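Take a look at the structure below.
Not measured: the values here are computed from a predicted model.
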Amino acid sequence: MSSPPLIELRGLRKSFGSTPVLHGIDLQVQDGEFVVFVGPSGCGKSTLLRCIAGLETISEGQLLIAGQDCTHAHPSQRGLAMVFQSYALYPHMTVAQNLSFGMRMRGVDKATREAKLARAIQTLKLEPYLARKPGELSGGQCQRVAIGRALVQEPKLFLFDEPLSNLDAELRVHLRVELAALHRELGRGMVYVTHDQVEAMTLADRIVVLRGGRIEQVGAPLELYHQPANAFVAGFIGSPAINFLDVRCRGGEPRLAQLPGGPAWPIQHPATEGQALRLGVRPEHWQWLSADAPDALPATVSLVERLGASSYAYLDSRWGRLCVQGPADLAVQVGEAVGLKPTQAPLLFDAESGRRL
């Protein structure tokens with residue numbers, strides 16, 4: 001008989017007073033899985049994490065941990081450890097004292113305490129900082145101490161609430177690599193909240209995309225990138241963001257997506273004649289043409305970002321601004337008139353519901 005999910009949410013709802021924030025969340029997290037909650041500010045991702053941790057009461061529904069009903073269990077009884085955005089370290093204690101404080105309060109014997117402490121110190125490379133206090137550490141060092149404090153608890157599941165958002169770009173990349181390595185080494189489940197979809201794409205086994213307190217889609221990073229359930233997921237996953245164009249279906253074989261007053265391109269879905277659609281084209285899925293080429297969308301280059309390995313061109317057209325990926329030596333200039341055409345079948349969404357067709 002297979003073991004139950006590590007975490008299972010059944011119809012979980014959360015309201016603050018008369019204001020509903022989470023609207024019936026159903027989700028399973030398996031043991032050893034790295035799951036990332038992602039979405040815009042105010043979508044409910046941190047509230048959902050705090051409900052799992054026991055820091056917020058659940059208004060309706062059920063939370064099961066390893067098959068046990070923990071809906072109203074005290075946080076200390078859930079076997080979970082949380083790492084906060086603000087580090088939450090004791091400023092008057094040294095790193096060593098911060099790491100061992102929780103174990104001392106729980107009455108863990110000295111030998112066990114020292115063994116767990118040694119493992120955390122080695123795993124996170126904290127040896128040089130043990131005698132320092134938080135005020136003497138960088139942001140990245142403080143975050144590693146906060147992770148170490150969670151690590152010594154040997155929890156069933158680690159919870160991370162936007163742990164890298166206070167760090168500079170270079171340090172975020174560095175700690176992202178460290179977190180991924182830590183997950184592989186420990187083999188423990190992790191649930192991670194971020195507003196940064198790049199973090200989500202690079203860290204997650206599965207991504208949970210939230211909007212307005214509801215789950216829009218759950219899936220592996222590349223599944224969400226190539227097969228988004230709707231226009232919201234397609235627009236949120238991917239950097240730079242997908243290009244959207246408002247079109248109408250034109251009948252015939254094959255069906256065509258007709259830009260108003262512009263070119264028409266074949267589509268693979270049998271949409272109905274005249275149906276309003278949104279066409280989604282990723283920046284890397286455009287072909288460069290001359291401005292007067294047949295079936296080309298005419299546009300004017302307004303900015304070129306040359307990033308070393310690749311370039312991104314931003315173009316203005318009568319149908320909106322577009323972003324197109326090109327090679328490092330992309331041979332276009334600001335002000336140049338060009339033509340564009342999708343290189344593969346674009347993603348197609350119903351204009352009214354946003355659902356992918």
Side-chain angles (χ1 to χ4, degrees), residues 5-7 29-38 45-46 49-50 52-53 65-66 75 78-89 94-103 108 112-130 132 134 137-208 220-221:
L6 180 58
I7 298 290
V29 177
Q30 303 299 328
D31 192 17
E33 192 175 27
F34 200 131
V35 173
V36 176
F37 296 167
V38 70
K45 54 188 183 295
S46 289
L49 191 78
R50 291 173 66 85
I52 294 172
I65 300 177
R78 301 187 182 203
L80 313 179
M82 189 157 177
V83 178
F84 297 90
Q85 178 181 355
S86 61
Y87 317 138
L89 301 177
T94 65
V95 167
Q97 290 168 338
N98 264 285
L99 290 171
S100 62
F101 179 74
M103 292 188 289
V108 176
T112 303
R113 199 164 66 223
E114 289 181 350
K116 291 183 176 182
L117 198 59
R119 184 185 181 197
I121 291 166
Q122 180 181 18
T123 301
L124 295 166
K125 300 177 176 61
L126 293 172
E127 181 69 40
Y129 316 115
L130 293 179
R132 297 188 194 179
L137 302 176
S138 68
Q141 291 161 353
C142 283
Q143 195 57 278
R144 282 157 61 191
V145 176
I147 294 170
R149 190 175 54 187
L151 184 60
V152 297
Q153 297 180 43
E154 297 185 345
K156 300 172 186 173
L157 180 76
F158 290 91
L159 306 176
F160 294 92
D161 190 7
E162 302 200 44
L164 309 184
S165 60
N166 289 337
L167 308 179
D168 61 57
E170 182 179 358
L171 193 52
R172 286 172 74 168
V173 172
H174 175 69
L175 277 180
R176 210 159 64 210
V177 173
E178 285 196 8
L179 270 176
L182 185 65
H183 175 247
R184 288 193 301 271
E185 181 182 338
L186 298 177
R188 295 290 177 88
M190 294 183 176
V191 176
Y192 185 103
V193 164
T194 182
H195 63 274
D196 185 339
Q197 54 89 27
V198 174
E199 284 181 19
M201 292 289 287
T202 53
L203 286 172
D205 295 320
R206 284 193 303 150
I207 296 174
V208 179

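Residues R119 and E154 form a side-chain contact, since some pair of their non-hydrogen atoms from C-beta on lies under 4.5 Å apart. Side-chain contact between T194 and L164 is absent, with no heavy atoms from C-beta onward closer than 4.5 Å. The shortest distance between side-chain heavy atoms of I7 and V35 does not fall below 4.5 Å. Contact annotation: the side chain of M82 approaches that of L49 to within less than 4.5 Å [non-hydrogen atoms, C-beta and beyond]. L126 has its side chain within reach of R144: a pair of non-hydrogen atoms, C-beta onward, lies under 4.5 Å apart. Taking the side chain as every heavy atom from C-beta outward, T112 and K116 approach each other to under 4.5 Å. Looking at heavy atoms from C-beta onward, D161 lies out of side-chain contact with V83 at the 4.5 angstrom threshold.
With hydrogens and angles ignored, the 3.5 Å screen pairs no side-chain donor or acceptor of E33 with any backbone N or O of D205. Put simply, the side chain of R149 gets close to the backbone of A88: a donor and an acceptor are under 3.5 Å apart. Side chain of R132 to backbone of V95: no donor-acceptor contact under 3.5 angstrom is found.
Between the CD atom of Q97 and the CG atom of L99 there is a distance of 10.0 Å, given to the nearest 0.5 Å. Atoms CD and CG, on Q122 and L117 in that order, are 12.0 Å from each other to the nearest 0.5 Å. Between atom CD1 of residue I52 and atom CG of residue L80 there is a gap of 8.5 Å, rounded to the nearest 0.5 Å. Atoms OH and CG, on Y87 and N98 in that order, are 13.5 Å from each other to the nearest 0.5 Å. Annotation: the span from K45 atom NZ to E162 atom CD amounts to 5.5 Å, rounded to 0.5 Å. Taking CD from Q143 and CG from L175, the interatomic distance works out to 7.0 Å, rounded to the nearest 0.5 Å.
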- Message: One pair to check against side chain to side chain contact (heavy atoms under 4.5 Å, CB included): R172 and D196. What are the steps and the verdict?
- Response: CA-CA 11 Å; R172 286 172 74 168; D196 185 339; 2.9 Å; yes
- Task: Determine, step by step, whether V145 and Y129 satisfy the side chain to side chain contact (heavy atoms under 4.5 Å, CB included) criterion, reporting the C-alpha distance in whole Å, the side-chain angles of both residues, the deciding distance to 0.1 Å, and the verdict.
- Result: CA-CA 9 Å; V145 176; Y129 316 115; 5.8 Å; no
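Between S165 and H195, the shortest heavy-atom contact is CB-CE1, 4.2 Å. Closest non-hydrogen pair, Q197 versus V38, comes out as CA-CG2, 4.2 Å. Nearest heavy atom pair, residue G148 against residue A120, reads O-CB, 4.1 Å. When all heavy atoms of D31 and G189 are compared, the closest pair comes out as OD1-N, 4.3 Å. Of all heavy-atom pairs spanning L151 and P155, the tightest one is O-CD, 4.3 Å. Here the shortest heavy-atom pairing between Q153 and A81 reads OE1-CB, 3.9 Å.
Residue pairs meeting the ring-ring contact (aromatic ring centres under 6.0 Å, His included) criterion with at least one partner in residues 138-190, sequence neighbours excluded, are F34-H183, F160-Y192.
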